[in-house]
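Okay, structure first, notes after.
Atoms within a ligand are numbered from 1 in the order they appear, just like the ligands themselves.
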Amino acid sequence: MSLAQRLAEVDSKIDAKLAALGRKDPVVRIVVTKNHPVDLALELYELGVRDFGENRDQEAGPKAALFAQDGARNDANWHFVGQLQSNKAKRVVQYATTIHSVDRASLLDALIAATAANETEIQVFLQVNLTDDPNRGGVNPDQLLAMASQVASAPGLHLLGVMAVGGLEVDPRVEFERVAALSQKLQREHPSASKISAGMSGDYEIALEYGATHLRIGTAITGNRNY
Ligand SMILES: *Cc1c(COP(=O)(O)O)cnc(C)c1O
């Protein structure tokens with residue numbers, strides 16, 4: 001199958017699922033282009049893709065710069081989905097529209113400082129840790145509301161909602177249910193933070209059943225990554 005065919009197939013599955021669920025709210029399908037050359041992202045752009053996901057500044061920065069070079073692709077949105085070192089915050093806020101992986105207070109502080117210094121604004125998701133393993137990325141659910149109020153009081157940050165990365169040996173439905181519950185809890189204090197970033201190549205249709213609004217899809221569209 002060609003890239004265009006894989007993209008069309010994923011999009012038609014998303015549309016069919018949304019129709020079956022009776023959902024009419026907007027869903028953002030992000031194509032995760034990490035570990036692929038920028039040419040693939042350019043090809044996707046030609047096919048109409050405007051939302052791209054990356055997980056390393058060293059790779060995302062040059063891709064975003066090349067896109068912006070001649071001013072022709074200013075409508076592309078770069079979503080940072082990977083663990084972000086605080087010392088990269090200053091760079092990432094210059095090209096990313098959305099950071100999905102705000103997972104600790106030190107990163108939040110760095111983003112607040114970086115957006116203030118740049119006089120720029122960025123959208124953020126708070127990444128939640130659904131496991132008991134503190135080494136897995138993500139905010140402990142107990143900390144979620146405290147982090148959310150910190151985001152809400154930062155002029156450069158807009159809180160979209162919660163994000164989660166599913167575990168490998170876990171039933172995705174159990175995790176999506178927990179994410180949906182945390183989203184409800186967040187919305188009781190921050191009604192506009194209603195978005196849910198969840199669902200990848202293997203489980204995006206299930207994620208839609210649990211209210212995902214931002215799907216991060218890599219290999220199902222791009223094919224295998226070159227590491
Ligand atoms: C790589 C990545 C994805 C995409 O994964 P696929 O299984 O290829 O769809 C989604 N989210 C995050 C955080 C990733 O790092």
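- Looking at ligand 1, you'll find an N or O of K34 within less than 3.5 Å of one of its N or O atoms.
- The backbone N or O of Y45 lies less than 3.5 Å from a partner atom in the side chain of R50, making a donor-acceptor pair.
- A salt bridge links K13 with E9: at least one charged nitrogen is closer than 4.0 Å to a carboxylate oxygen.
- Of the charged side-chain nitrogens involved, none lies within less than 4.0 Å of a carboxylate oxygen, so that R29 and D51 do not count as a salt-bridged pair.
- In the vicinity of R216, heavy-atom distances shorter than 4.0 Å reach the ligand 1 atoms 4 (C), 9 (O), 10 (C), 11 (N), 12 (C), 13 (C).
- Residue S201 holds the heavy atom nearest to atom 6 (P) of ligand 1 of all those in A198, G199, S201.
- Look at H100 and you'll find every heavy atom at least 4.0 Å from all atoms of ligand 1.
- Between H100 and H214, the two ring planes are perpendicular [angle over 60°; tilted spans 30° to 60°].
- Of all the heavy atoms of T219, the ones lying under 4.0 Å from any atom of ligand 1 are found in both the backbone and the side chain.
- Of all atoms in ligand 1, numbered sequentially from 1 with element shown, those under 4.0 Å from a heavy atom of V81 are 12 (C), 13 (C).
- Between E59 and R56 there is a salt bridge, with a side-chain nitrogen of the basic residue lying less than 4.0 Å from a carboxylate oxygen of the acidic one.
- For the pair R23 and D25, the salt-bridge criterion is met [side-chain N within less than 4.0 Å of a carboxylate O].
- Residue nearest to atom 10 (C) of ligand 1, selected from Q127, M200, E54, R225: M200 (by heavy-atom distance).
- Ring centroids of Y95 and F67 are separated by 6.0 Å or more, keeping the two rings apart.
- For ligand 1, the polar-atom distance check finds an N/O of G218 within less than 3.5 Å of one of the ligand's N/O atoms.
- Listed by atom number, the atoms of ligand 1 under 4.0 Å from I217 heavy atoms are 9 (O).
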